[in-house]
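This report concerns only the one structure given below.
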Amino acid sequence: MGDQPVVQFGRSLRQSILGKPFQRRDCHYLGLEKFGLFGSSQAGPVAIAYTAENPEKVSRLVLYGTYAKGKDVAPEDVQSALPNLVRASWGIGSRTLAEIFVPKADKEHLESLAKLQRKSTTPEMAAKLMEMGYGFDVSDKLSEIKTPTLILHREEDKAHKLELGRKLAREIPDALFKVLKGDIHPCWHGDSDEIVQEIHTFLQVGIAGERGAAQDVPTEVSSDEGSDVVEQATIVFSDIESSTELVTRLGDRAAREIFLRHDAIIRTHLEKHRGRELQNLGDGFMLSFDTASNAIKCAQDIQKEISKELPDIRVRIGVHTGEVVRREGRHPFGRAVVMASRLLSQATGGRILTSDVTRQIVSGGTFEFLKAGSFIPKGFEETMDVHEVLWNKS
């Protein structure tokens, strides 16, 4: 992967259990002044915390199949029952975990994975690892991450549901989120070549950017190859409300069909209104438009069609206009992107919320708005006025 070293922090988990906190000097013996950091599964929260606290050390952060808050991983009764099962019978416990990690594996494969777990650690240590993972909470660190971040998550992961990856993508500023096919939790099982390729591409773009891009974001538009370009855009975030509950209620297959139809509807109207798809977040999208009016028209049309064609779901949408920074190999980032994401978090299903800036840009047109209050976006100090776009009038 070029000349950028990559460090995986699994050792810190063991140290934490043993009561030995991770020390910054632990990477120095490798001679690494700056490195790419990979955190998968339970190592993800550790990698997030380290990156937030040591931004000068981490050049690129890659997260796979992981989460921010352990209590969100499984229901409370499961979080208690699984460690107890492991302690009581490591044979049955290891087999149960293997079935969660690789749900469609044959008997021989499952037994091989279960055996690997039993040889790797004692039942008490395995139980403590699980309890520690459930106790992690780095939610407050996500907005502090300024390092370019890639989040990978298999769409049907049973150990760590896709929604956990989506949360990371929403809360880590400018994160790139890739949903991968499959239901296998360990990154070295299944189509691991795809994971390696995604990471390789992400790191190589970073190396090229560090060699050729300007160190500071310019204050005006520049056409120089490899530099940042600042321009105005209207950013739209969409999200299916309670998508996890939908999957639980309808089952994976039926829910997937709904998600595919939802995606098709959004892409049809995106093309009609000349927008750009920046990210598919699994149960929603990040979109960009050159004009605020096209963005709002697209959002209205999306709500109208989904309400008719997919009555089982409700979509919420956040819209904000402002300056964004574009860089080759990355989707746009900056304040406007974060603000649009924060507006989405305030919306409920069936609503389109915009900032006052966007409303003023399209004032005098045919759009109808209702004042929807105000709030202080996470990570900012000023209050944002919010307006709801009316779309369901006959």
Side-chain angles (χ1 to χ4, degrees), residues 8-10 12-14 37-48 61-75 78-79 81-83 85-86 90 92-121 123 125-136 138 150-169 177-199 243-244 247-248 251-253 255-256 281-283:
Q8 181 174 358
F9 281 0
S12 57
L13 296 175
R14 176 177 60 82
L37 183 58
F38 176 69
S40 68
S41 195
Q42 284 185 307
V46 180
I48 289 168
L61 175 63
V62 180
L63 300 171
Y64 166 81
T66 189
Y67 59 92
K69 187 175 182 180
K71 292 189 181 299
D72 294 338
V73 171
V78 174
Q79 294 187 28
L82 270 179
L85 174 63
V86 167
W90 193 200
I92 298 175
S94 62
R95 175 65 182 242
T96 300
L97 292 175
E99 291 174 348
I100 295 172
F101 294 156
V102 191
K104 295 177 184 175
D106 56 33
K107 183 178 179 180
E108 182 179 353
H109 192 173
L110 286 174
E111 185 50 46
S112 175
L113 182 55
K115 186 177 180 180
L116 174 64
Q117 294 179 84
R118 294 194 298 272
K119 283 184 172 291
S120 299
T121 188
M125 181 62 76
K128 284 185 176 181
L129 274 168
M130 297 176 69
E131 290 168 344
M132 182 188 64
Y134 292 140
F136 281 144
V138 294
L150 170 65
I151 301 167
L152 302 172
H153 215 107
R154 284 178 173 145
E155 63 180 346
E156 297 180 66
D157 189 331
K158 306 299 182 185
H160 296 152
K161 297 288 188 179
L162 181 59
E163 179 59 32
L164 301 175
R166 293 188 188 117
K167 177 177 174 60
L168 293 176
F177 185 42
K178 293 291 184 74
V179 179
L180 308 175
K181 301 295 183 184
D183 58 5
I184 297 174
H185 178 62
C187 58
W188 59 88
H189 280 267
D191 189 5
S192 56
D193 286 348
E194 181 183 12
I195 295 173
V196 171
Q197 184 57 52
E198 290 287 357
I199 296 173
S243 59
T244 302
V247 174
T248 302
D252 291 344
R253 180 172 296 181
R256 177 171 171 74
L281 300 171
D283 65 345

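- The two residues G39 and A47 make their nearest non-hydrogen contact at CA-CB, 4.0 Å.
- In this structure, the side-chain contact (heavy atoms from CB on, under 4.5 Å) partners of E163, at least two apart in sequence or on a different chain, are R166, R170, S243, T244, D283.
- The two atoms that bring Y134 and V78 nearest to each other are OH-O, 4.5 Å, heavy atoms only.
- Contact between S94 and Q117 at its shortest, heavy atoms only, is O-NE2, 3.0 Å.
- Between Y67 atom OH and L168 atom CG the span is 10.5 Å, to the nearest 0.5 Å.
- Atom CZ of residue F38 and atom SG of residue C187 lie 4.0 Å apart, to the nearest 0.5 angstrom.
- Residues A127 and P83 approach most closely at CB-O, 3.7 Å, considering heavy atoms.
- A salt bridge does not link D183 to K158: none of the charged nitrogens lies less than 4.0 Å from a carboxylate oxygen.
- By the 4.5 Å heavy-atom criterion applied to side chains, T96 and L82 are counted as neighbours.
- Inter-residue side-chain proximity for V138 and V46 is flagged as unmet; no heavy-atom pair is nearer than 4.5 Å.
- For S41, the side-chain contact (heavy atoms from CB on, under 4.5 Å) partners at least two apart in sequence or on another chain are H160, H185.
- With respect to the salt-bridge test (charged N to carboxylate O, under 4.0 angstrom), the residues R154 and E194 do not qualify.
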Would F101 and I184 count as a side-chain contact (heavy atoms from CB on, under 4.5 Å) here? Give the steps.
CA-CA 6 Å; F101 294 156; I184 297 174; over 6 Å; no

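- Under the 4.5 Å side-chain criterion, counting only non-hydrogen atoms from C-beta, V73 is not in contact with K161.
- Looking at residues two or more places apart in sequence or on another chain, you find a side-chain contact (heavy atoms from CB on, under 4.5 Å) between D193 and D191.
- Between E111 and K107 there is no salt bridge, since no side-chain nitrogen of the basic residue lies less than 4.0 Å from a carboxylate oxygen of the acidic one.
- Put simply, the side chain of E156 never gets that close to the backbone of G182: no donor and acceptor are under 3.5 Å apart.
- Counting only distance, with no hydrogens or angles, the side chain of Q79 and the backbone of K71 share a donor-acceptor pair below 3.5 Å.
- In this structure, the separation between CD on E99 and CG on L110 is 5.5 Å, given to the nearest 0.5 Å.
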Decide yes or no on side-chain contact (heavy atoms from CB on, under 4.5 Å) for K178 and I151, but give the supporting numbers first.
CA-CA 6 Å; K178 293 291 184 74; I151 301 167; over 6 Å; no

Evaluation steps, side-chain contact (heavy atoms from CB on, under 4.5 Å), between L63 and I48
CA-CA 8 Å; L63 300 171; I48 289 168; 3.8 Å; yes

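- We find the CZ-NZ distance between F136 and K69 to be 15.0 Å, quoted to the nearest 0.5 Å.
- Not one N or O on the side chain of S112 forms a donor-acceptor pair closer than 3.5 Å with the backbone of E108.
- Looking at heavy atoms from C-beta onward, L150 lies out of side-chain contact with L61 at the 4.5 angstrom threshold.
- For I92, the CD1 atom counts as loosely surrounded, since its 6.0 Å shell holds 12 or fewer non-hydrogen atoms of other residues, nucleotides or ligands.
- Here the CG atom belonging to L85 is positioned 13.0 Å from the CZ atom belonging to R95, to the nearest 0.5 angstrom.
- Residues A114 and A98 share a closest heavy-atom pair of N-CB, 4.2 Å.
- For the atom pair CG (L164) and NE2 (H153), the distance works out to 6.0 Å, reported to the nearest 0.5 Å.
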Decide side-chain contact (heavy atoms from CB on, under 4.5 Å) for L97 and V86; before the verdict, give the C-alpha distance in whole Å, the side-chain angles of both, and the deciding distance to 0.1 Å.
CA-CA 9 Å; L97 292 175; V86 167; 4.3 Å; yes

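- Taking each heavy atom of L116 and S120 in turn, the nearest pair found is O-OG, 2.6 Å.
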